[in-house]
Amino acid sequence: MRKFLALQRPSDVEEPRDSANILTFMLHRLHVGVAMKLGLMLVTCIGVLLIGASFLLSSYLATQLQNNALEVLRSNTRIFHNNITTEYKRVTRDAERFSNVYINNYQNMSPVPLHSMDAEQLKALLSNTSINSHFTELTSVFASTFVRQGEQFVRVSTSLQGKEGRIATATVLSNDNPALVQLIKNKPFSGVVVLYGRQFIGHYEPIADKDGQVVGAVAIGFDVKQALQPVIKELLNVHIGDGGYAYVLDAGFSPGTMIAHPVLVNQHVENITDAHGYKRFADIMARKTGTIYYETVSGYGAAPRKRVAVFEHIEGINWIIATTSYVDDIAQSSNLVRNSLLLFSLLLLPVILLVIAFTSRILISKRLNNVLKISKAIAQGDLTVDVHVDHNDEIGDLLSANEKMRQSLHSLVGGVVSHARHVHEAALNITEAVDGQASTSVETSSSVAEITSTMEELSASSTQIAEHSRAVVDIANVTLEDCNKGSDSMGELLTRMSDIDSDNQQSMREIMMLGNKSKEISRVMIIINNVADQTKLIAFNAALEAASAGDSGKRFSVVAAEIRRLADSVTESTFEIENKISEIQNSINRLVLNAEKGSKSIKAGTKACKVSADRLHDIVATAEQTSTAAMQISLSTQQQKTASNQVVMALREIVVASNYTSQSIKDILSISQDMTQLSNELNQASKSFKLTDDLDEQA
């Protein structure tokens, strides 16, 4: 009983053998509650998920923010480009407007319209230099008047200074000036021109006589840098991020010259390289529009920093406007978002842990403590504890299992208590009975000894009669044994014949099934033949279509011929298969006939075996009757000997048994005394269990 009630000690926890059990092993070795283990596991999983999601989201946002920042950089470049282009067009329109004003001054000095004057009159009017000087004083713009001499246009008055600072009168319009061709065609020209090493945004207007022949021209121009200086200043005042700025690079008049830059203005920058020898400005002039990345060093000993530059080409003045910024400035907002997400995840983890711990304490810890309290009460023997199942979950199932265990223990211990009382009472009765039997066995032993001596004399006289009848019985037994062996052999033969018949029937069924399968194959071959016929028909139609198509259908006719050849091959193959199937079916029919003949022969053999078995059974019955008669004779002759011997042996055994009985009774007496003591201990142990709340009833 003590071994039955003892609780086994749980085995030590083994070390994990693979990485899959590491987490389980660590949680097992952690001396905290189940709710806390569950909370730690959930927080770990949630933390990994949050941090992973934060990294993924921050990477995505970083990419999007960098793309947006790069798009902002492109947008700024387009804005600067549009501002310079707009200002250039405005200056061009001003040049055209001033050109009309300049011509009107000549018109004011003439009594007739200019287009109604002859060539000489127009040339004389255009040669008046007072108009140019007066116009320059009023407008402060470059103005020139040309008189045509053959294919050349000679400056007769101008405010343009040539080389060495002199007024460029009596000079001709150079052949590389794009306005020359237009003026000869009596067409105006507006655009950028180069005069004496300087760029001007100018407008050239031809002047024709009454015959429509161009006899002169006027030109109004603005210095490019001075005209666009307000836009350039506005451009230099723009800052992008911590170290971003915009600059203008000349790609036409003086390639590689920096027109506007915070540091490199008016410098030739085409050969400037970055930290890795990359000539970024030369690449910009070659590409004119696009985006480049390069690394620069801000000072001696400083680490290189990566920059990005977005640039666009300005038509007309042949400039390149570019905006640049540090890449890490662009990514600064994305890094801030990533760090904010990670910080939020780290701050959220303790809150999640507290929520899980509080929830687990209510839903798990309190209920597990209740289960532990009930289990301890049952372990201490209190089987009256009240078990209340509060929820339909795993803990509720555990409470139900505790209730079933309590009920089972209650029933078991109740039975043990009842049986212990009965065993104790029976042990007392056995002890009293054994004491009386010990005295009776001594008297019986002496009486049996006297009877034994008398029966030994009677046994000697019956021995001779029994020996003569024993020989007859032996012969009858040998005959009966031989008959039984023959009957068993015939029975085994009959069983084998039945098995052969059953196997033959199974073989016939399988042969019939094989015949049915061959018929199904024949039906499939019919379908294949139909498909082959249809294929031939299709091939024939295809050949007709190919023939009607002419040269373009020759290849298709070859394909149709191959399809028809394939159909013929399939038809021949199916014909051979049908012949083989027909041969198989004939063989199957022959096998069926042979199997039926064999079945009849097997049935005839089985019937003959049954007849032989019946006859052997009759012989066995006759032999049994003979053996029985011999046994009766032997029994009648040996009855006296057997009886006497049995009596003698019984008396001798009784004598020996009586001695053993005396000793056994003594042992039984000792055992019954031990049983009485053990039943008393069992009764005391069962009292340690509390089966009811009423102590008097338990007692």
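Heavy-atom basis, side chains included; hydrogens, waters and symmetry copies ignored.
The main-chain N or O of A170 is never found under 3.5 Å from a side-chain atom of R155 such that the two would form a donor-acceptor pair. Counting only distance, with no hydrogens or angles, the side chain of T257 and the backbone of N266 share no donor-acceptor pair below 3.5 Å. No side-chain donor-acceptor contact under 3.5 Å links S99 to the backbone of I220.
Here the two rings, on H276 and Y294, have centers that are 6.0 Å apart or farther. The aromatic ring centres of Y204 and F153 sit 6.0 Å or more apart.
Proximity of L114 to L125: side-chain heavy atoms (C-beta onward) are separated by under 4.5 Å at one or more points. Residues F200 and L160 form a side-chain contact, since some pair of their non-hydrogen atoms from C-beta on lies under 4.5 Å apart. At a threshold of 4.5 Å between non-hydrogen side-chain atoms, the residues L235 and Y245 do not count as touching. Within the 4.5 Å cutoff, the side chain of I292 has heavy atoms near those of the R287 side chain. Residues I184 and R148 are in side-chain contact: their nearest non-hydrogen atoms beyond the backbone lie under 4.5 Å apart. T291 is listed as a side-chain neighbour of R74, based on a closest heavy-atom distance under 4.5 Å. At a threshold of 4.5 Å between non-hydrogen side-chain atoms, the residues L228 and F222 do not count as touching. When side chains are defined from C-beta on, Q152 counts as touching N175, because their heavy atoms get closer than 4.5 Å.
Remark: T535 OG1 to R565 CZ distance equals 14.5 Å, nearest 0.5 Å. Once rounded to the nearest 0.5 Å, the distance linking CG of L70 with OG of S75 reads 11.5 Å. Of the inter-residue distances, the one linking I207 atom CD1 with L126 atom CG reads 4.5 Å to the nearest 0.5 angstrom. Atom OG1 of T92 is separated from atom NE2 of H203 by 10.0 Å, given to the nearest 0.5 angstrom. Interatomic distance, OG1 of T323 versus NE2 of H81, reported as 12.5 Å (0.5 Å rounding). Between atom CG of residue D274 and atom CZ of residue F281 there is a gap of 10.0 Å, rounded to the nearest 0.5 Å.
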Between side-chain atoms of residues 313-322 and protein atoms elsewhere (two or more places apart, or another chain), which donor-acceptor pairs fall under 3.5 Å?
| unit_1 | atom_1 | unit_2 | atom_2 | d |
| --- | --- | --- | --- | --- |
| H313 | ND1 | E315 | OE2 | 3.2 |
| H313 | NE2 | N318 | OD1 | 2.6 |
| N318 | ND2 | A251 | O | 3.4 |

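Within the structure, the side chain to side chain donor-acceptor pair (under 3.5 Å) test picks out the following pairs touching residues 211-237 (sequence neighbours left out): R198-D223. Evaluation of the salt bridge (charged side-chain N to carboxylate O under 4.0 Å, His left out) test over residues 85-106, restricted to residues two or more places apart or in two chains, returns E87-R90, R90-D94, D94-R97.
Using modelled atom types, one finds no donor on one side chain facing an acceptor on the other under 3.5 Å when comparing S157 with T129.
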* Passes side-chain contact (heavy atoms from CB on, under 4.5 Å), Y88 versus V231? Steps please. -> CA-CA 10 Å; Y88 164 70; V231 180; over 6 Å; no
* Evaluate the side-chain contact (heavy atoms from CB on, under 4.5 Å) criterion for residues T158 and F142: first the C-alpha distance (whole Å), next the side-chain angles of each, then the deciding distance (0.1 Å), finally the verdict. => CA-CA 8 Å; T158 182; F142 147 67; 3.8 Å; yes
* Using the side-chain contact (heavy atoms from CB on, under 4.5 Å) rule, take F146 and L183 through it: C-alpha gap first, then chi angles, then the decisive distance, then the call. => CA-CA 11 Å; F146 296 89; L183 293 176; 5.6 Å; no
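The aromatic rings of Y247 and H261 sit tilted, their planes meeting at an angle between 30° and 60°.
Within the cation-pi definition used here (under 6.0 Å to the ring centroid, within 45° of the axis), R307 qualifies as a partner of Y326.
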